[in-house]
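Notes for the one structure printed next.
By convention in this document, chain letters (A, B, ...) are assigned in the order of the sequence lines, proteins followed by strands, and residues within each chain are numbered from 1. Computed from a predicted structure; not experimentally measured.
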2 protein chains.
Amino acid sequence: MTASRTARERVRAELTKEIADIARRQLATEGAGGLSLRAVAREMGMVSSAIYRYFPSRDDLLTALIIDGYNAIGECVERADAATDRGDHLGRWLAVCHAVRDWALANPHEYALLYGSPVPGYQAPMDTVEAAIRDTVVFGRILSDANEAGALDPPGIAPAPPPSLAEDAALVRSLMPGISDLGVFRAINAWTGLFGWVSFELFGQFNNTLDNRRTAFEHCMLNNAALMGLGIPEAAR
Amino acid sequence: MTASRTARERVRAELTKEIADIARRQLATEGAGGLSLRAVAREMGMVSSAIYRYFPSRDDLLTALIIDGYNAIGECVERADAATDRGDHLGRWLAVCHAVRDWALANPHEYALLYGSPVPGYQAPMDTVEAAIRDTVVFGRILSDANEAGALDPPGIAPAPPPSLAEDAALVRSLMPGISDLGVFRAINAWTGLFGWVSFELFGQFNNTLDNRRTAFEHCMLNNAALMGLGIPEAAR
DNA sequence: AGTCGTCAAGAGCGGTGCTCTCGTTTATTC
DNA sequence: GAATAAACGAGAGCACCGCTCTTGACGACT
């Protein structure tokens with residue numbers, strides 16, 4: 001019967017989820033390198049080999065955690081964007097920035113897993129990219145919206161990209177329709193700048209300098225907004 | 001005799017260096033997580049416990065590698081800067097950017113060790129910070145030089161930083177004397193942007209987008225230069 | 001010449017990922 | 001309802017890891 005089959009599959013799904021949850025908790029406290037299948041099994045009251053019925057290897061468990069992580073930060077960014085007035089493009093950009101940073105500070109090990117050094121010997125499968133770009137999609141939509149509303153003023157201290165970059169720009173443009181080549185690369189610069197900042201802060205590169213980090217971060221992201229041509233509030237000029 | 005004592009200490013120093021070299025080679029092929037004292041010992045024809053005569057723990061070996069790494073990239077950046085005309089501030093900035101990126105591409109695992117996720121359970125000792133800022137020192141000097149030469153035009157689409165950031169700016173200013181608060185944060189933004197870009201490229205975040213990476217990188221770093229007020233060559237305007 | 005510190009070697013501890021086998025339970029098929 | 005097949009937990013075992021402790025040999029200094 002389907003009912004009984006789903007009974008078995010239901011407990012399987014539940015156990016799979018429980019393993020992932022415990023693994024995520026371990027990840028949060030120990031980091032990616034400290035993720036131990038045996039420890040997970042111990043906490044579940046199972047024997048270590050039984051875990052392999054649910055995840056064929058440690059890397060597969062890692063992949064599951066990575067996908068979950070991308071979805072978590074992606075959803076977080078989506079919510080932050082949705083909570084901001086749709087016409088306030090600068091506000092949406094700042095909301096996204098803070099969402100990324102806040103999530104990273106709240107889940108440092110997961111952030112490190114997603115945006116830090118790749119786990120040695122681990123090759124992220126293609127399944128991850130779909131989840132991986134959820135936040136980037138939001139970012140692109142903000143820019144497209146701003147562009148459509150004519151709010152992307154291009155006074156442009158930014159230099160024009162060389163023509164040889166047109167192909168690359170076209171590819172990225174699928175995430176931000178309507179944006180010019182110049183705008184695309186300003187966007188890439190701002191996006192990498194955002195994650196560069198967060199990584200620096202999280203990975204201890206700002207060692208003892210920079211106390212007032214949230215304010216400094218927001219200011220720098222305003223800088224990046226200015227570079228992209230997203231309007232600056234008059235008060236800050 | 002001092003001669004015989006130094007003989008002993010010389011072979012000790014040699015062995016220490018050989019251990020570090022082998023470890024670095026392993027690091028380059030396996031990554032930080034794959035660094036194994038036993039494997040190093042095996043390759044040296046030693047027994048694993050003998051390694052502990054030279055490095056009290058795996059973390060201490062890691063620390064040595066980290067310091068070496070910071071010095072390597074720092075020296076690389078210093079050389080790139082020194083090889084550029086001292087008055088060509090934009091050129092020096094670009095040279096530094098490419099030096100960082102080229103070194104990172106040539107030594108991905110070492111870069112990951114320095115600027116990627118911190119090794120779990122590993123706390124970088126204070127000895128590292130001195131070596132860690134060698135590249136940043138070069139960066140600060142370029143900005144100071146440009147400022148002194150009056151080449152830091154402040155047309156400034158960049159917003160002014162809030163006064164509450166004055167203390168933080170003052171701290172960072174020790175690396176770039178003479179730079180204004182606004183300039184300091186533009187610099188931080190550009191610096192984190194540089195490493196954000198390199199990390200994105202190296203850690204696989206630019207998955208299948210962006211083929212023409214060197215050109216795109218240089219263009220983005222030109223963007224950052226513009227943001228800092230470092231002159232843009234007329235040709236690119 | 002005798003003492004003392006340094007060294008390589010080995011055994012061993014508790015941990016890891018992963019594989020294989022062995023009964024048992026569950027679900028499907030006849 | 002019985003037989004077959006699949007899924008499952010438990011356990012032993014392999015090769016590896018970082019690290020500790022002990023032992024015996026060698027070299028340096030008094």
Side-chain angles (χ1 to χ4, degrees), chain A residues 1-20 22-23 25-27 29-66 113 118-123, chain B residues 1-20 22-23 25-27 29-66 113 118-123:
Chain A
M1 271 310 177
T2 14
S4 46
R5 177 207 281 176
T6 47
R8 181 175 217 151
E9 287 184 350
R10 208 179 50 202
V11 64
R12 180 182 175 86
E14 256 176 37
L15 282 183
T16 306
K17 186 182 175 308
E18 192 179 339
I19 292 174
I22 294 182
R25 254 206 340 265
Q26 283 206 0
L27 180 74
T29 62
E30 306 285 339
L35 207 178
S36 151
L37 283 185
R38 290 182 118 105
V40 172
R42 218 175 298 129
E43 193 165 335
M44 290 196 57
M46 271 175 140
V47 103
S48 70
S49 58
I51 300 283
Y52 289 83
R53 299 272 178 204
Y54 300 89
F55 291 94
S57 80
R58 185 176 173 276
D59 281 4
D60 289 86
L61 179 52
L62 258 184
T63 299
L65 294 183
I66 287 177
L113 185 63
V119 180
Y122 170 79
Q123 176 73 358
Chain B
M1 269 310 179
T2 11
S4 47
R5 179 205 280 175
T6 46
R8 182 175 218 148
E9 285 184 351
R10 209 178 49 202
V11 64
R12 180 181 176 84
E14 255 175 38
L15 282 183
T16 306
K17 185 181 176 310
E18 193 180 337
I19 292 175
I22 294 182
R25 257 209 334 268
Q26 285 207 358
L27 181 73
T29 62
E30 306 286 340
L35 208 178
S36 150
L37 284 185
R38 290 180 118 106
V40 173
R42 217 176 298 129
E43 194 166 335
M44 290 196 56
M46 270 174 140
V47 107
S48 70
S49 58
I51 301 282
Y52 288 85
R53 297 266 173 209
Y54 301 89
F55 291 94
S57 81
R58 184 176 173 274
D59 282 3
D60 289 86
L61 179 52
L62 258 185
T63 299
L65 295 183
I66 288 177
L113 185 62
V119 180
Y122 171 78
Q123 175 72 359

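Computed from coordinates, the E18(B) CD to dC7(C) C1' distance equals 16 Å when rounded to whole Å. Atoms CG (L15(B)) and P (dT6(C)) sit 16 Å apart, rounded to a whole Å. In this structure, CD of E14(A) is placed 16 Å from C1' of dC8(D), rounded to the nearest angstrom. Here dT21(C) presents its P atom at 12 Å from CZ of R53(A), a figure rounded to the nearest Å. In this structure, R12(B) atom CZ and dT6(C) atom P are separated by 9 Å, rounded to whole Å. Put simply, OH on Y54(A) is 18 Å from C1' on dC18(C), counting in whole angstrom units. When rounded to the nearest whole Å, the span between CE of M46(A) and C1' of dA7(D) equals 12 Å. For the pair E9(A) CD and dT25(C) P, the interatomic distance rounds to 21 Å; values are reported in whole Å.
To the nearest 0.5 Å, atoms CD (E18(B)) and CD (E14(B)) are separated by 8.0 Å. Put simply, NZ on K17(B) and CD1 on I22(B) are 10.5 Å apart, with the number rounded to the nearest 0.5 Å. Going from atom OH of Y54(A) over to atom CG of L15(A) covers 4.0 Å, rounded to the nearest 0.5 Å. For the atom pair CG of D59(A) and CG of L35(A), the computed distance is 10.5 Å after rounding to the nearest 0.5 Å.
Across all strands, I51(B) comes closer than 4.0 Å to no nucleic acid atom at all (heavy-atom distances).
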What does nucleotides 11-21 of chain D look like as a protein-contact string, B for base, S for sugar-phosphate only, - for none, at under 4.0 angstrom between heavy atoms?
B-B---BBBBB

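Under 3.5 Å, the side chains of T63(A) and D60(A) contain no donor-acceptor pair of N or O atoms.
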At a cut-off of 3.5 Å, list every protein nitrogen or oxygen paired with a nitrogen or oxygen from nucleotides 2-6 of chain D, distance to 0.1 Å.
none

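Looking at I51(B) and L61(B), their side chains never come closer than 4.5 Å, going by heavy atoms from C-beta outward.
Summarising the geometry of A64(B) relative to F55(B), their closest heavy-atom pair is CB-CE2, 3.9 Å, with the distance given to 0.1 Å.
A donor-acceptor pair is defined here as one N or O able to donate and one able to accept, closer than 3.5 Å; no such pair exists between the side chain of R53(A) and the backbone of R12(A).
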Taking distance alone, no hydrogens or angles, what donor-acceptor pairs closer than 3.5 Å link side-chain atoms of residues 37-50 of chain B to residues at least two apart or in another chain?
residue, atom, partner, partner atom, Å
E43(B), OE2, R25(B), NH2, 2.0

